[in-house]
Amino acid sequence: MAVYTPSGRARPHGSGFELGVWYLMRLSGLALFVLALGHFSITHFFFDPANETSQWIVDERWGSVLWRTVDWLLLTMVVLHSFMGVRTVVQDYTHGGARTALTMLLYLTGIALFLMGTMAVMTLPFPVK
Amino acid sequence: MRYLQYRGGEGMLAWAFHRISGVAIWAFILLHVLDIWLVGANRGLYDDVLKFYASPVGRVGETLVGAALLYHALNGLRIIVMDFWPATTVFHKQLWYASWVVFVVVGLPGAYIILRPIWAGAS
Amino acid sequence: MQVDLRILRFDPERDAAPHWESYRVEAEPMDRVLNLLTTVKAEQDGTLTFRRSCAHGICGSDAMLINGRNRLACKIRVDQLGKKITVAPLTGLPVVKDLVVDMDTFFSKYRSVMPFLIADSPAPERERRQSQADRARYDDTTKCILCAACTTACPSFWAQPSYVGPAAIVNAHRFIFDSRDDAGDERLEILADKDGVWRCRTIFNCVDACPRGINITRAILEVSRAVVERSV
Amino acid sequence: MRIDHDALVIGAGGAGLWAALELARAGVSTGVLTKLYPTRSHTGAAQGGVCAALGNQEEDHWEWHMFDTVKGGDYLVDQDAAEVLAHEAIETVIELEHMGLPFNRTPDGKIDQRRFGGHTRNFGEGPIKRACFAADRTGHMILQTLYQSCIKAGVQFYDEYHVVDLLFEGGEGGDGGRAAGVVAYRIADGELHTFGAKAVLLATGGNGRMFSITSNAHSLTGDGMSLVYRHGIPLEDMEFYQFHPTGIYGIGILLSEAARGEGGTLLNADGERFMSRYAPKAMELAPRDMVSRAIYLEIRDGRGAGPKKDYVYLDVRHLGRAVIEEKLPDITEFARVYLGVEPLTEPVPIQPTAHYAMGGIPTDLRTRVVRDEANTVVEGLFAAGEAACVSVHGANRLGTNSLVDLLVFGRRAGREMAAYCRAAEAPSIAADVEEPVRSELEALRTRPEGESPSALKAELATLMMDNVGVFRTAKMMATAVAGVAAIKDRYTRVRVRDTGRIFNTDLLEARELGYLIDGAEAMASSAIARTESRGAHSRDDYPERDDVNFLAHTLAYRGEAGPSLRYKPVTITRFEPKPRTY
Ligand SMILES: Cc1cc2nc3c(=O)[nH]c(=O)nc-3n(C[C@H](O)[C@H](O)[C@H](O)COP(=O)(O)OP(=O)(O)OC[C@H]3O[C@@H](n4cnc5c(N)ncnc54)[C@H](O)[C@@H]3O)c2cc1C
Ligand code: HEM
Ligand code: SF4
Ligand code: F3S
Ligand code: FES
């Protein structure tokens with residue numbers, strides 16, 4: 001917390017980071033409302049997991065640039081949102097060194113996951129028609 | 001824990017569910033990104049995973065994930081509405097009830113669709 | 001009627017840990033919990049310790065955890081609680097003795113948000129003018145009696161005692177939205193700290209606990225919106 | 001432990017806080033000691049308003065305010081003091097606004113004002129809007145604003161330090177000694193601390209807890225008054241104690257006069273506006289002593305309401321929801337919470353409640369404590385607020401005049417003390433000054449047998465309520481004098497049950513009972529000796545005012561066999577005493 005100085009005005013310690021996280025959670029939340037709910041609906045209501053073999057994914061879904069983009073956006077948003085969300089939870093219930101360590105671990109996992117997801121969505125060759 | 005003594009109202013429940021659902025979906029996302037990664041890395045394994053998703057246990061799990069996601073999304077919207085229009089906090093309980101109405105209206109048919117193959121005998 | 005009163009007692013000079021004690025007290029439905037505590041202290045156990053002063057909800061001395069919610073003992077009636085009543089000190093502040101908690105950090109957080117008017121223009125001969133609408137803008141948050149019921153009901157504060165807490169934000173709001181004040185920016189800067197407004201998760205326990213009926217969450221969100229608007 | 005400052009302020013209500021603010025602004029090293037956190041002080045309970053002849057709503061002059069104050073006080077007011085009060089009220093209220101106080105506003109953005117009992121235009125012609133207000137939370141806003149200003153100015157607070165003794169150098173306070181500091185008991189750990197200072201201000205508030213039905217906080221036990229009394233300094237005009245007409249029935253919580261200022265009426269069991277019998281012109285806005293007496297008479301004559309026929313009604317229903325919820329929100333809530341009555345649709349049961357000590361520690365216009373009829377000053381000792389008696393309220397205080405008193409004389413006290421500290425030498429304090437009070441407290445804490453202080457306190461409160469209340473007779477007051485003497489004797493044998501050191505409220509409550517007994521003793525004895533009726537002191541055997549013998553202030557000195565009384569003339573400058581009708 002900022003320390004009150006009797007001379008009159010306090011010396012603020014505010015940084016833009018938390019504000020940024022606040023924005024991020026709201027904006028990515030809004031995006032996910034469409035992307036995540038949409039994704040879940042499509043994969044469960046319009047299709048059924050029983051039919052969604054890897055072949056289907058590669059042929060049908062990732063056959064189009066549009067779907068790859070949508071999926072990659074979903075991935076980006078979900079990783080950002082959920083990892084920053086869990087960061088909040090971690091920062092709420094941990095203190096000191098444990099907090100720093102867990103937060104770092106979280107960030108690393110997040111990055112790793114993001115890379116793996118991107119690899120899957122973006123690097124597979126398009127099916128030859 | 002002494003904190004459990006506190007009898008919170010709707011707001012506290014809304015938050016607790018939001019937090020729990022958020023972390024639950026996060027945990028699922030960890031798995032889910034991994035399995036998608038398998039599409040590129042090891043297709044065979046991925047198809048096995050998919051079989052699990054299509055199994056009765058997998059379907060119940062999917063339904064729970066869907067419920068968590070739906071609750072979290074609706075309540076997330078409620079939070080965002082209050083964030084940008086603070087005057088709506090006066091109706092925070094009503095907003096929460098409303099989100100439950102949507103939850104039920106959308107969620108029940110959704111659950112039915114996902115779970116039906118269990119007893120209908122999936123292909 | 002007879003009321004079963006359970007009180008979480010702790011005397012640092014005698015007890016290793018807090019423990020529950022039960023008392024049977026004769027009470028009227030319109031009696032308040034403070035009456036019960038006073039009766040126990042006068043007739044059953046003089047060592048029972050709690051703060052009180054005004055006895056009508058205006059000084060903020062006797063906020064405590066009553067039947068699972070933060071209430072002023074002098075304002076919550078027996079008929080609102082029933083025949084079984086449990087009383088414990090506020091959660092999240094160090095217990096000094098029985099129902100008395102150490103309020104120092106609470107007040108230092110209050111002081112940290114510059115809770116005083118800073119007007120840069122020289123004072124006029126007469127009053128500074130303020131329209132009725134401008135006066136109404138911050139009316140709700142002028143009602144705070146610094147009882148700490150809100151802050152100690154907040155799960156976010158329990159988790160992170162460094163959170164400046166709803167009470168301090170309410171008092172910052174009181175000045176940020178006062179048309180006569182010129183230091184809103186500095187207060188917003190303070191509250192944009194990681195222990196500032198962002199720690200509020202719109203849990204609303206504070207609003208439920210506030211004996212003055214202040215819409216605290218609204219005030220907090222108005223402040224965070226002001227921080228956001230200032231940044232764009 | 002020993003702590004030194006140049007100035008000490010005892011009490012952090014309105015009076016103490018403003019004094020502290022002036023001292024801090026003057027750069028004087030100051031400590032504020034208070035047994036409560038400052039924002040818990042009872043100034044925060046004041047509701048209706050603070051008077052100043054701002055003339056924002058209609059023409060007004062401070063001379064009119066001064067006149068109303070003098071007449072309201074039944075001419076026992078020291079008129080030079082009333083002049084200071086009415087005159088400086090204006091600048092202090094403006095200054096409060098500059099500090100940030102959120103007053104209600106008129107449509108053109110000025111401080112809003114409303115009517116209050118006894119405040120009139122043109123020397124008594126008709127009611128005037130003079131009370132500046134912030135809804136019915138004026139005292140709350142004053143307390144908050146002053147505390148905030150003190151934080152801004154960097155005032156040093158000692159929160160939850162209970163002052164238990166005053167220190168003097170060169171003899172007792174009553175015999176020419178000079179103030180040297182105080183001894184305070186830190187509630188958190190039971191440690192005694194000696195505070196040394198050149199100047200000490202007593203701003204410890206009133207003593208309404210000596211009555212069983214009272215608007216006063218539990219903490220209002222007259223500590224400051226009692227401490228000076230124990231050091232040989234007299235208490236002035238203690239017989240004048242105000243009963244506010246509209247306390248919540250059975251509990252005494254105040255429903256502000258603002259309810260009547262906004263147009264609320266008083267009804268008896270027959271639904272009749274009985275004030276027409278007692279003050280046909282001013283009606284419900286007559287001064288408080290008159291209204292309280294009127295209620296008492298209605299009840300006595302069988303027109304009270306309820307099963308015991310012992311209350312009347314305050315009726316605000318006709319004011320409409322908007323006025324009630326915007327201008328009287330808190331008292332509306334009090335009626336709902338504490339009586340279960342809905343003021344929008346039901347009249348509210350009320351009865352007079354013990355409210356305000358007009359008397360107290362005698363001071364001069366410069367807030368210096370004086371110790372005799374010649375106004376001999378006790379060096380270095382100051383008093384302000386309800387604890388003090390500069391005598392701006394005389395025999396009856398007008399509504400809103402107490403808050404003005406705090407502001408005007410609190411500010412004066414701060415300035416006087418700052419000037420005094422610049423000239424004065426630091427006093428020397430012996431090492432063992434804590435001893436007398438330490439042994440008193442230890443005796444209380446460790447006594448193995450004895451009766452319960454809380455029971456004794458309840459007895460005192462009932463005794464005073466029944467016998468030194470709105471109406472007094474020689475017999476009742478004699479009962480009170482004897483009763484208080486007996487209680488005082490029993491008090492030497494009370495036993496506290498909490499023997500701990502940490503936050504021992506049991507011990508402190510017992511200590512406070514001692515202060516209440518001192519105040520009750522001075523009050524009962526001063527009352528029985530005043531064989532006239534004036535303002536709040538109203539007796540059946542002497543129903544008339546007696547300006548020949550009693551246009552004088554009572555000074556009660558503590559003595560072994562009960563207080564001894566002396567009298568001091570009233571200062572009259574502009575307004576000759578006249579019969580008081582409204
Ligand atoms: C319910 C109610 C409503 C009122 N409404 C109005 C109104 O509308 N207008 C008006 O003009 N007046 C009103 N009054 C009267 C007025 O509010 C009080 O007379 C005034 O506030 C007294 O202020 P004070 O500064 O003298 O003392 P207080 O505010 O009572 O403060 C006393 C201070 O002294 C401290 N103290 C006491 N003893 C000790 C000790 N031993 N050691 C250390 N500290 C000690 C306390 O902690 C406290 O800080 C009202 C009074 C009541 C009870
Ligand atoms: C679908 C639309 C979604 C919306 C509208 C949404 C909205 C929000 C909002 C507004 C918050 C901030 C809450 C606060 O600060 O109090 C939040 C927190 C969080 N979200 Fe989401 N979210 C969505 C989806 C997701 C998904 C898919 C995940 C997980 C993968 C997720 C995980 C989290 C987590 C872990 C938190 C932190 C919880 C907390 O702080 O208590 N959210 N969400
Ligand atoms: S906002 Fe309400 S609950 Fe919080 S300290 Fe102020 S009065 Fe108490
Ligand atoms: S309870 Fe806490 S999280 Fe916010 S809404 Fe109130 S401050
Ligand atoms: S005793 Fe003052 S708020 Fe309860």
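Side-chain atoms are counted along with the backbone in the values below, which use heavy atoms only and exclude waters and symmetry mates. Lettering follows sequence order; numbering is per chain, from 1.
Between the side chains of B:Asn75 and B:Ser99, no donor-acceptor pair of N or O atoms lies under 3.5 Å.
Chosen from B:Val23, B:Leu69, B:Leu70, B:Ile25, the residue pairing most often with chain A at heavy-atom distances under 4.5 Å is B:Leu69. With respect to chain A, the highest number of heavy-atom pairs below 4.5 Å among B:Ile36, B:Leu74, B:Asp47 belongs to B:Asp47. When the candidates A:Met25, A:Arg26, A:His81 are compared by the number of heavy-atom contacts under 4.5 Å with chain B, A:Arg26 comes out ahead.
Both the backbone and the side chain of B:Arg43 come within contact range of chain A, each with at least one heavy atom under 4.5 Å from a heavy atom of that chain. The part of B:Ile79 that comes within reach of chain A is its side chain, from C-beta onward, which places non-hydrogen atoms under 4.5 angstrom from that chain. Neither the backbone nor the side chain of A:Leu32 comes within less than 4.5 Å of any heavy atom of chain B. If you measure heavy-atom distances from A:Phe83 to chain B, the contacts under 4.5 Å come from both the backbone and the side chain. For B:Leu30, the parts lying under 4.5 angstrom from a heavy atom of chain A are both the backbone and the side chain. For chain B, the nearby parts of A:Phe45 are the backbone and the side chain; heavy atoms of each come within less than 4.5 Å. If you measure heavy-atom distances from A:Met116 to chain B, the contacts under 4.5 Å come from both the backbone and the side chain.
Side-chain contact check for B:Trp85 versus B:Thr88: some heavy-atom pair is nearer than 4.5 Å.
Here NE2 of B:His32 is found 10.0 Å from CG of A:Leu75. Values are rounded to the nearest 0.5 Å.
Salt bridge present: B:Asp48 and B:Lys51 bring a charged side-chain N and a carboxylate O closer than 4.0 Å. A salt bridge is absent between A:Glu60 and A:Arg68: the closest approach of a Lys/Arg side-chain nitrogen to an acidic carboxylate oxygen does not fall below 4.0 angstrom.
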Ring pair (Phe, Tyr, Trp, His ring centres under 6.0 Å) between B:Trp100 and B:Tyr97: does it pass, once the steps are laid out?
CA-CA 5 Å; B:Trp100 277 117; B:Tyr97 301 146; 9.7 Å; no
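Annotation: B:Phe84 is in aromatic contact with A:Trp22 [ring centroid separation under 6.0 Å].
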